[in-house]
Each structure stands twice: as C-alpha cells, then as structure tokens.
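Both ligands and their constituent atoms are indexed starting at 1 by order of listing. Computed from a prediction, not measured in an experiment: that's the story for all the values here.
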Amino acid sequence: MRVLLAEDEPHLCDQVRKLLSAEGRVVDVVHNGVEALHLGSTEPYDMIILDIGLPERDGISVLRDWRNAGITTPVLILTARDGWSERVDGLDAGADDYMVKPFHMPELAARVRAILRRQSGQLNPVIEMGNVFLDTRTGRVSVDGVPVDLTAQEIAVLTYLAHNAGRMISRTELSEHIYEYDGDRDSNTIAVFINRLRKKLGPELITTIRGRGYMIDTT
Ligand code: CA
C-alpha cells in the first residue's frame, strides 16, 4: 500500500516514514503544499497523511482542490493541539480522520491501518485467505498456523492483493502501489515476487490471469 506523506517537519517525516515502512508500506514524502497537491492529484495513493500547516499552500486548500477534482483518496490530517477550528475545516473539506500533534506513533499507525482497512472493505485486521493468514497489524503471515518469513517487498505485494481480494490487479497497478515515486518500477520483478510468494505460501493462493494480472480469491 502506498502512502503520500505531506509534512514540513523533517524529524517527524523520518519517524512516520520509518514507522510505515516497517509495516510494509511505501511512503512518498513531500514538504510543501504545492508538491502535495501535484503528487496527490497524479499518483494513485492508497491514502494520504496531510499536515494542515504546510508552506506554499496550506493543507486545507490542497484537500479542497483534491475533493473538487474528484479525488477520493482517504486523507488523514495532522493539526496543531489548539487547532480545533482547523479540524472542523479539514473534516468539512473531506478529511477522513485527524491526528493532533504531538501524537504517539503507534496511534498514527493504528489509524492508518484502520483507514486502509475501511478503504478496501476489510473489517478484520487479520485477512484470511484459505489457510493463509495475514495480520495487517504486524505484517506477519502464517500458513496452517505456521509463521512464514517474507521480505518487505513480498509483504507489500501480498498486502495489496489481499486488500483487493476478488479483484484482478494488473502488473502496472501492482507496481504503482508497491514502489515509491522515484523507485525503479520494473514490472518484470513483480512476476519474481509472485513466484516467491507461491513457493512460500502455496501454489493456490494467487491466480494468474494470463496477460492481464493477478488475483487472490478469498471466496
Ligand atoms: Ca507544519
């Protein structure tokens, strides 16, 4: 799952990026409202974390522009402690949730997970795919109850397919959600990750739709 983080405090950016990366998310970071507006309008993010107090363009106006342009990506806003009116404006402008600074990192991580779950219609933090279980809180995967070690990229591929279970995902779409903006997006490597996942989790889990993409069927 790919997240845009728009925040101008470098230390906070580092902390949030580390936190989300550790859970297998890909994070693009921008430090001002103009870049936020641009990337959020042109890249297919699974969610956006948006500081309200951004230089160049404030977060509220960026959010209004996204919503006016029909961009429905879930947005979590970050506001100052005394910024109750910003929170009201932000929610009215189309934010899905908010965090008040300073916040505890585990709470942000939990809100991000909840938003991503809602976005994909997953009610349970543990996604069950036959005998394969993916715990989205920890990124841990087990087969028949036995834990399986996956690399960060394998978890990223599995997580995106699992959150979109029942839908055919093209290699292009998959690569857009597991690589960073300036990352090396070689869609051939996707086939490699899929093969490794099949070896580790069983050949049945991921269906190849020839020439089109991949699908996890949980029904
Ligand atoms: Ca700020």
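We find that D46 and R2 are not joined by a salt bridge, their nearest charged nitrogen and carboxylate oxygen being 4.0 Å or further apart.
Applying the 6.0 Å contact sphere to CZ of F193 captures more than 12 heavy atoms from other residues, nucleotides or ligands. With a 6.0 Å radius and a threshold of 12 heavy atoms from other residues, nucleotides or ligands, R117 has its CZ atom above the threshold.
The nearest N/O/S atom of D51 to the Ca ion (ligand 1) is OD2. Among the heteroatoms counted here (N, O or S) of D8, OD1 is the one nearest to the Ca ion (ligand 1).
Taking 3.0 Å as the threshold, L54 does not count as a candidate ligand of the Ca ion (ligand 1), since none of its N, O or S atoms lies below it.
At a threshold of 4.5 Å between non-hydrogen side-chain atoms, the residues M105 and F103 count as touching.
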